[in-house]
Amino acid sequence: MATDNPVKSLQEEATCPICLEYFKDPVIIDCGHNFCRACIAQCWEGSNTDSSCPQCRETVQQGNLRPNRKLANVVEIVKRLNLQAAKGAGEERVCGEHQEALKLFCEEDQTSVCVVCYLSRDHRDHWVIPIKEAAQEYKEKLQGALGPLRKELEEALALTSKEEKKTTEWQSKVKNKREMIAGEFSKLHTLLREEEQLLLQSLEEEERETLQRLRENVTKLSQRSSSLQQLITEIEEKCQQPVVELLKDVKSTLSRSENVKLQEPEAVSIDLKNVYKISLDVREALQRFGVDVTLDPDTANPWLVLSEDRKRVRYGDKCQDLPQNPERFDRYAIVLGTEGFTGRRRYWEVEVGDKTRWDLGVCSESVSRKGEFAYAPGNGYWVVWLRDGGYKAGTSPPTFLPMSIRPSRVGIFLDYEAGEVSFYNVTDRSHLFTFTGTLSGRLCPYFYPGANAGGTNAAPLIICPVPAQAGGNLGP
């Protein structure tokens, strides 16, 4: 059969039309067609002398079988070509030893073999199956192995994704911590520079005042010395005068010399009046911005009990009958500070002790006091809280705050112009969290002591006096 592929045509010419394999000991009959000697003999077996050609049906004589040497040579060439093509394609469809097609698979040796290999001593006693059957069997086994492998791959990819997520989260935490540390030290440096300027100004004023007094003393003493020197010169000159001149006004001269009395200069201490202490940490630097915060009873929820000095707040045992004025919170047990802040910097501290639930921070004076609301700077709240042993900042969504040491006192620092509300663990002097953004309007200190929870959270929130630094309050 003609074909556009010369190699295919050559393969067809080298193929026996009876067994459809490459010719083995090819012979040519009277009609000119070629067959394997064994194939034509089997085909004519039991026939008379004259038989028909299996290909063209022409009557031929069985005895006229002539070996076709050239065709046999062509078959060998075709086999070698096929072998080279198979090897070039990375396959071995033809046995390299026998130049036969690899139609069988030896299970014991796990290799493809041809029929001659199968009949040889090497594979004669082995379990051999057709290569297509073996391929199908192992294909099913391979496909069966794909399921667990794909599952393993899925789990590996999931774990990889998880670890990559953890890596990203860790890097984000490190970045945030690095920025926090840089920000805190920048803030500390700023505060220390400002404190340095204030201390230097105070020292300069003390220097100027003391120097002025000392110089006044020196001027007075110099003037007194000059007067004494003049009197001494006058007396010395009088002692050298003639008798008449010496006695003239001598009594007045003696009187003036007898009345000379040195007055002690004004006592001026050269000890520094102020103790100039440099802050060693952020809290000490912040203390000079300390403010006296008191609670505003007009804003307190009816369940809250305020101390007489308005420095403590706790959750009461019953709801009080209080006027429902617009300033009062009616849904949540909240109270605000009386003071509202705009501009500059403010710092205050609140004792939380061993309470199990509390909220602290600042809120905008303009927030609604009625009904429900959610903590977020966008809603006018800059708050951190404790719930069920966990600390969070009221961002959206909330930010978890890792805590190595539980705070018994919390510091709140409002830097209005910088747009920052910072929280500090006063217990171990560590930074907890900083809200950043743009601040506007009056901001009020915010307090929520939490429900009593069966007495486990009955302790009050206490506004603490901020310790003054040595040298007095140097804050603006």
Side-chain angles (χ1 to χ4, degrees), residues 184-292 339 341-349 411 413-418 429 464-476:
E184 285 303 301
F185 273 89
S186 175
K187 183 187 299 180
L188 177 59
H189 294 158
T190 299
L191 295 175
L192 289 176
R193 282 194 297 271
E194 292 175 357
E195 185 175 357
E196 176 190 12
Q197 292 303 314
L198 292 171
L199 290 173
L200 290 174
Q201 288 175 12
S202 178
L203 180 60
E204 185 178 350
E205 290 176 3
E206 185 175 352
E207 177 189 26
R208 183 172 58 252
E209 292 175 0
T210 303
L211 283 176
Q212 181 177 350
R213 294 171 62 190
L214 289 170
R215 285 168 179 165
E216 288 176 354
N217 286 345
V218 170
T219 300
K220 290 178 180 179
L221 289 171
S222 296
Q223 291 173 351
R224 187 63 178 169
S225 297
S226 178
S227 298
L228 288 171
Q229 185 62 49
Q230 289 178 2
L231 182 57
I232 290 170
T233 302
E234 181 182 342
I235 293 173
E236 288 177 344
E237 289 177 351
K238 185 170 280 292
C239 289
Q240 301 299 323
Q241 290 176 352
V243 174
V244 175
E245 292 297 328
L246 183 149
L247 293 175
K248 185 179 179 179
D249 297 327
V250 68
K251 190 174 181 178
S252 173
T253 302
L254 287 174
S255 176
R256 284 190 291 129
S257 65
E258 289 172 356
N259 290 329
V260 171
K261 186 176 181 181
L262 182 63
Q263 292 183 348
E264 291 288 334
E266 179 187 357
V268 179
S269 173
I270 58 172
D271 293 329
L272 291 173
K273 293 180 179 179
N274 294 317
V275 177
Y276 297 93
K277 176 184 176 184
I278 298 175
S279 298
L280 298 178
D281 60 26
V282 174
R283 183 184 179 230
E284 292 182 2
L286 294 176
Q287 285 172 357
R288 64 190 179 91
F289 301 110
V291 290
D292 183 22
E339 302 77 9
F341 303 130
T342 58
R344 300 174 61 185
R345 296 163 177 159
R346 306 291 192 282
Y347 178 73
W348 63 98
E349 295 179 354
F413 177 55
L414 170 63
D415 190 340
Y416 196 99
E417 294 177 358
R429 300 196 174 195
C464 305
V466 178
Q469 288 181 299
N473 184 1
L474 301 177

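E417 and R344 make their closest contact through OE2-N, 3.9 Å (heavy atoms, listed as atom of the first residue, atom of the second, distance). Of all the heavy atoms in D415 and R345, the pair that sits closest is OD2-NE, 3.4 Å. Nearest approach of D292 to E339, heavy atoms of both residues: O-OE2, 3.1 Å.
Within the model, atoms CG of L203 and CZ of R208 stand 11.0 Å from one another, a figure rounded to the nearest 0.5 Å. Taking CG of L254 as the reference point, atom CG of D249 lies at 11.0 Å (rounded to 0.5 Å). Taking CG from L214 and CD from E209, the interatomic distance works out to 12.0 Å, rounded to the nearest 0.5 Å. For the atom pair E204 CD and Q197 CD, the distance stands at 10.0 Å (nearest 0.5 Å). Interatomic distance, OG of S222 versus NZ of K220, reported as 12.5 Å (0.5 Å rounding). Rounding to the nearest 0.5 Å places CG of N217 at 11.0 Å from CD of Q212.
Within the 3.5 Å criterion, the main-chain N or O of L221 finds a donor-acceptor partner in the side chain of S225. Judged by distance alone, the side chain of S255 and the main-chain N or O of K251 form no donor-acceptor pair under 3.5 Å.
Annotation: side chain of Y347 is not in contact with side chain of V291 (no heavy-atom distance under 4.5 Å).
Between W348 and F341, the distance separating the two ring centers is shorter than 6.0 angstrom.
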